[in-house]
Amino acid sequence: MSIQIPRGTQDILPGNVEKWQYIEAVARDICRRYNYKEIRTPIFEHTDLFLRSVGETTDIVQKEMYSFEDRGGRNITLRPEGTAAVVRSFVENKMFGNPTQPTKLYYNGPMFRYERPQAGRYRQFVQFGVEALGSDDPAVDVEVISLALELYRTLGLKKIKLVINSLGDYESRRAHRDALTKHFSSSISEFCMDCQSRLEKNPMRILDCKKDRDHKLMKNSPSILDYLNDYSKTYFDSVQQYLKDVDIEFEVDPSLVRGLDYYNHTAFEIMSDAEGFGAITTLCGGGRYNGLVEEIGGPNTPGIGFALSIERLIAALHAEGIELPVESMIDCYVATLGDLANQKSVSIVSQLRKAGLSVEKDYQGKKIKAQFKTADRLQAKYVVVLGDEELNRDVVNVKEMSSGEQNEVAIDSLVSHITDKLSRGEM
Ligand code: HAM
């Protein structure tokens, strides 16, 4: 049998890749307007980085990481997410010392999780994400949320909703944790083995369990919002006020806990409520992670960010029936009739490309009729026909494909003839 693509991965082929490029260009432009700069970190990191940041009791670390020992005996993991690596780089490159703070970064690249593949869930997926490090102003939380929503809205999504929660500061989470331990401990034997070990180590993770989510104790479990101390409450109120100030609608959901351990204060997700979107409705997730920089060995620095996958974004566009304005047309196809014309076409194609046009020619010795067919398939706006007889007179024939109009044009003015027409929007 021939070798096939690994489960949970996909090829993004021409015809489809243009959508990705379009989305990535829109994301980059939004980051430019919000003044987030791109960072590129390695695809693999030391496994310890994820144990320390994402958390040892999370599903990601316990079940989903692609980890291996390299030939030097080091424990290496393909990154399951981007935040840990950005924070590592922030610390390692001492970005906390930069004169302008907060440090605002974005990334776009593949992440790897050994999950059960299904619609919207891949083993390799591309996350676009941002991280703002160095400010605990709640206005930054709202900036980060606005940026994510702006991407979805710019691309045309309407059926999306923002859900927020506060996980509070250390003191609040401690109080909530005690309440959770008390709540679950009498019946913990009815829960899965993972949850039984979570009770001691990190009872909040029980709330995130996929196996036990229908257990009766889940419904009336203590809400973090009842355990927020004054600082956390005021912080959460400010985030909500700023969201209202910039006309962003939201829902507060006290059961939103997120699947990674580094969060505190603001946690948020953006969901699709388009019909037929499928079971996994979360498009984007993020939150505040004050304390993570310190955990990774840097100075005490607050941070907040989000990540979203392009795969789920494309699925949401599909569910809402949105076609992106991507075009796969080429400007010009150079067709040739005769040997001399074929030779001459090489330099003509080169001149047209140097002028910035997208140009194709025949490399397979096709007859002129078949060349026109190819030009049609490629949706060429113009076909330049080179014939031996015309070349002797230093002219070529230019056909505008949309109108069928044909003109004889001097070779010397071919480039300006086509570029002028294109800039006037004529096709
Ligand atoms: P996360 O919730 O694990 O958070 O993932 C963020 C987003 O990545 C999800 O909302 C979803 O769009 C996408 N995603 C996750 N797993 C898959 C998958 N298997 N297939 C397709 N898409 C997937 C994080 O990763 C955090 N680092 C986000 C963050 C940044 N928090 C603060 N800064």
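Just so you know, these numbers use all the heavy atoms, side chains as well, and skip hydrogens, waters and symmetry mates. This is a predicted model, so every value here is computed, not measured. Order of listing sets the numbers, starting from 1, for every ligand and every atom in it.
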[X] to ligand 1, any heavy atom closer than 4.0 Å:
{"X": "Glu311", "answer": "no"}
{"X": "Gly129", "answer": "no"}
{"X": "Gly120", "answer": "yes"}

Measure the shortest side-chain to side-chain distance between Phe125 and Arg113 over non-hydrogen atoms and say whether it is less than 4.5 angstrom.
yes

With a cut-off of 4.0 Å, which atoms of ligand 1 are near a heavy atom of [X]?
{"X": "Glu81", "answer": "25 (O), 26 (C), 27 (N)"}
{"X": "Gly285", "answer": "10 (O), 28 (C), 29 (C)"}
{"X": "Thr282", "answer": "10 (O)"}
{"X": "Gly286", "answer": "31 (N)"}

Is [X] salt-bridged to [Y], cutoff N-O under 4.0 Å?
{"X": "Glu269", "Y": "Arg258", "value": "yes"}
{"X": "Asp59", "Y": "Arg198", "value": "yes"}
{"X": "Lys159", "Y": "Asp273", "value": "no"}

Strictly distance-based, threshold 3.5 Å: is any side-chain N or O of [X] a donor or acceptor partner for the main-chain N or O of [Y]?
{"X": "Glu115", "Y": "Pro117", "result": "no"}
{"X": "Ser221", "Y": "Met218", "result": "yes"}
{"X": "Thr301", "Y": "Pro299", "result": "yes"}
{"X": "Tyr235", "Y": "Asp136", "result": "yes"}

Return the closest protein heavy atom for [atom] as residue, atom name and distance.
{"atom": "atom 30 (C) of ligand 1", "value": "Thr83 OG1, 2.9 Å"}
{"atom": "atom 33 (N) of ligand 1", "value": "Glu131 OE1, 2.8 Å"}
{"atom": "atom 14 (N) of ligand 1", "value": "Phe125 CE1, 3.5 Å"}
{"atom": "atom 4 (O) of ligand 1", "value": "Arg258 NH2, 3.0 Å"}
{"atom": "atom 31 (N) of ligand 1", "value": "Tyr263 OH, 2.6 Å"}
{"atom": "atom 20 (N) of ligand 1", "value": "Tyr122 N, 3.0 Å"}
{"atom": "atom 8 (O) of ligand 1", "value": "Gln127 NE2, 3.1 Å"}
{"atom": "atom 26 (C) of ligand 1", "value": "Tyr262 OH, 3.3 Å"}

Name all pairs fulfilling the salt bridge (charged side-chain N to carboxylate O under 4.0 Å, His left out) condition that reach into residues 23-47, sequence neighbours left out, sorted by first residue then second.
Asp29-Arg32, Asp29-Arg33, Arg33-Glu150, Glu38-Arg40, Glu45-Arg88

Close N or O approach ([X], ligand 1; < 3.5 Å):
{"X": "Arg121", "result": "no"}
{"X": "Tyr289", "result": "no"}
{"X": "Leu283", "result": "yes"}
{"X": "Tyr107", "result": "no"}

Against Glu143, only a single residue in Tyr242, Tyr36, Tyr34 fulfils side-chain hydrogen bond (donor to acceptor under 3.5 Å, both in side chains); can you say which?
Tyr36

Check for me whether Lys361 meets the cation-pi criterion with Tyr363, that is, NZ or CZ under 6.0 Å from the six-membered ring centre and within 45 degrees of the ring axis.
yes

Are Arg123 and Tyr114 in a cation-pi setup, meaning NZ or CZ lies under 6.0 angstrom from the ring centre and within 45 degrees of the ring axis?
yes

For ligand 1, does Cys284 get within less than 4.0 Å through its side chain, its backbone, both, or neither, judged by non-hydrogen atoms?
backbone

NZ of Lys219: more than 12 outside heavy atoms within 6.0 angstrom?
yes

Regarding atom 15 (C) of ligand 1: of the candidates Arg113, Glu115, Glu64, which has the closest heavy atom?
Arg113

